[in-house]
Protein chains: 2
Amino acid sequence: MSDPSQRLLQAAAAPDPADPDPALEAITDAALRQFELFGMARSTMDQISRRAKIARVTLYRRFPGKDALIDAVIQRELRRFLADLDAAVQPFEDVDDRLVEGFIFVLGAMRNHTLLQRVLDSEPETILPYLTVQGGPFLTAARDYLAARLLRDHDDAHTPEEVVLLADVLVRLMLSFLLTPQTLIDLDDREQARTFALRYLRPMLARG
Amino acid sequence: MSDPSQRLLQAAAAPDPADPDPALEAITDAALRQFELFGMARSTMDQISRRAKIARVTLYRRFPGKDALIDAVIQRELRRFLADLDAAVQPFEDVDDRLVEGFIFVLGAMRNHTLLQRVLDSEPETILPYLTVQGGPFLTAARDYLAARLLRDHDDAHTPEEVVLLADVLVRLMLSFLLTPQTLIDLDDREQARTFALRYLRPMLARG
DNA sequence: GATGATACATCCATACGCTATTTGTATCAT
DNA sequence: ATGATACAAATAGCGTATGGATGTATCATC
C-alpha cells in the first residue's frame, strides 16, 4: 500500500470521470464490497474475481495487480466523495454557509463511509501512519485542495495565504474527528454539528 | 503499556509533588535518560539499573515492575509539563493572552520533549492508537483538564459548556500539530505561532 | 535493615523453518 | 477477449526453538 496522498492528488486533479467502462466499474464494485466485508489486506484476488463473476486471470488483464486495484477503488471513492461534497455545498451562496455545510457533510460522509470505517476499525495500522506521523503529504494535498476550492468561491476578503492556513486548520480538525470521533457533540446529529461549526469554525473565517 | 489517559488524570489530580524522595528521583532520572536514548520498549531493567548505579534487584524493590517505572517516568513528565504550562501562562492577565501564550507553550514543549519525540519517531505504534482511534479517554481527560483550567481564570462571559467545547477543539488541534507537525507556519518560531494563534484561535473565544 | 550478588523459574520477543495460500504469468482452448 | 489449467515466485501463517528479559528467592555484606 503506497502513500495515499498521491491518490488524493490524482483523484482531485481528474475533474471528469471520462472512463465509465462498465466492465471496470463492475470489478471495482465487487472489490469495494469485498473490501468492506473483509478489509483490504484479507481480501484476495480470487475472492474479488469470484464476486465479480469473472476469472481471476481476467482480473489481472484489467489491473496490473492488487495494488493497482486497491488504488482504483480508493480513487473512485475519493472522486465520489469530492463530487458529493461539491453537490452538497452548491446550493449555498456565500462562503460562510458553504464552509459550515461542507464541514457537516464531510463529517457525515466520513462516518458513513463503510470502507474507511472498516479499515480504521479492523486494520488501522495500515492507514494510521499515513494520517498521522507520516501525514504530511496527505495533509498538504487535502489542505491545498480545500484552499483552492475555497478560493474558487472567494469573496475577495481574504488573501490566499489566509485561506490556506484556514484550510490547514479545517483539515486537521476533520481528520481529528475522523480518527477520534468521541466528543461532546453528537457528530451524527446534523443540527448539533451545525451549531458547532457556526460557533467555532465560522469565527475563523470572520474579519477581512 | 496501559492507557495513557489514566496517567494523565492521576498526574493532573496530584497538585503537589509531595514525595521528593531523592532515591526515587535518581532512578526515574536514569530511566528517563535511558528511554530517551533507546526508547521504552528496547530499554531493559538491567540497563536502567546500571545507569542508576544500583542493583537490578533494588530497582524491583522500588518499583513493582517495568510498567510501574514507565508510569512513574511519564507521570513526572506530565506533572512537569503542566507545572511549566502554568508558569508560562501565569504572567498574563486576561484569558485571551493566556490562551494564545498557552498554545504557543504547548507547541514548543511537545516539539522539544525528547522522550515524546523519541517514541513518536522510533516506536510510534506503541502510542499512536492511544492518541487516535482509541484516543477517546485521553482526549476527554486533556479536554476536561484544559476546560477546568480555563474556567479557573474565567471571565464569566462563557458558559462551562462553551468552554469545554472550545477546549475540545484546542486539544484536537494541538494533538494534530504534535502528530503531523508539517504545516505552513514554522511551529518553532514563536512569533509565527503567536500570529497563527491570534488569527485562528482567539476568534473562537470571542463573543460572550 | 537495606543493598548487592547469585541463582533460578517464567515470560516474551525474535527468529527459523515449514506449509499453505496468494500473487502473478504462461499456455491453450473456447 | 474470456476462461480453465498449470506453474513459479512471493508471501502470510504457524509451530517451535532459542535467547534475552522479567520477576522472585536466597544468602552474604555493610
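Throughout, protein chains are lettered first and strands after them, A, B, ... in sequence-line order, and every chain is numbered starting at 1.
Under the 3.5 Å distance criterion, with hydrogens and angles disregarded, a donor-acceptor pair is assigned to the side chains of R172(B) and S176(A).
Note on T44(B): every side-chain N or O is 4.0 Å or more away from OP1 and OP2 of dA21(D). For T58(B), no side-chain nitrogen or oxygen approaches OP1 or OP2 of dT3(C) to under 4.0 Å. Residue R62(A) places at least one side-chain N or O closer than 4.0 Å to OP1 or OP2 of dT2(D).
Put simply, CD1 on I54(A) is 22 Å from P on dT30(C), counting in whole angstrom units. Taking atom OH of Y60(B) as the reference point, atom C1' of dT10(C) lies 12 Å away to the nearest angstrom. Atoms CD1 (I48(B)) and P (dG23(D)) sit 11 Å apart, rounded to a whole Å. Atom CZ in R42(B) sits about 7 Å away from atom P in dT14(C), given to the nearest Å. At whole-Å resolution of the value, CG in D46(A) and P in dA10(D) are 21 Å apart. Atom CZ of R50(B) is separated from atom C1' of dG4(C) by 15 Å (rounded to the nearest Å). The separation between Q47(A) atom CD and dT21(C) atom C1' is 11 Å, rounded to whole Å. Rounded to an integer number of Å, the gap from CD of Q34(B) to C1' of dA21(D) is 14 Å.
The ring pair (Phe, Tyr, Trp, His ring centres under 6.0 Å) pairs that include a residue from residues 161-204 of chain A are F177(A)-F196(A), F196(A)-Y200(A), where partners are two or more places apart or lie in different chains.
Sparse packing is recorded around CD of Q90(A), with 12 or fewer heavy atoms of other residues, nucleotides or ligands lying under 6.0 Å away. Around atom CZ of R42(A), no more than 12 heavy atoms belonging to other residues, nucleotides or ligands sit under 6.0 Å away.
Base pairing analysis places dA6(D) opposite dT25(C); the two distances defining the Watson-Crick or G-U wobble pair are each below 3.5 Å.
Nearest to the side chain of K66(B), among dG23(D), dT23(C), dA26(C), sits dG23(D).
Side-chain atoms of R61(B) stay outside donor-acceptor range of the base of dG23(D), with no qualifying N/O pair under 3.5 Å. Not a single donor-acceptor contact under 3.5 angstrom links the side-chain atoms of R56(B) to the base of dG4(C).
Within 4.0 Å of S43(A), counting heavy atoms only, lie sugar-phosphate atoms of the nucleic acid but no base atom.
Electrostatic pairing of E77(A) and R80(A) counts as a salt bridge here, judged by a charged N lying under 4.0 Å from a carboxylate O.
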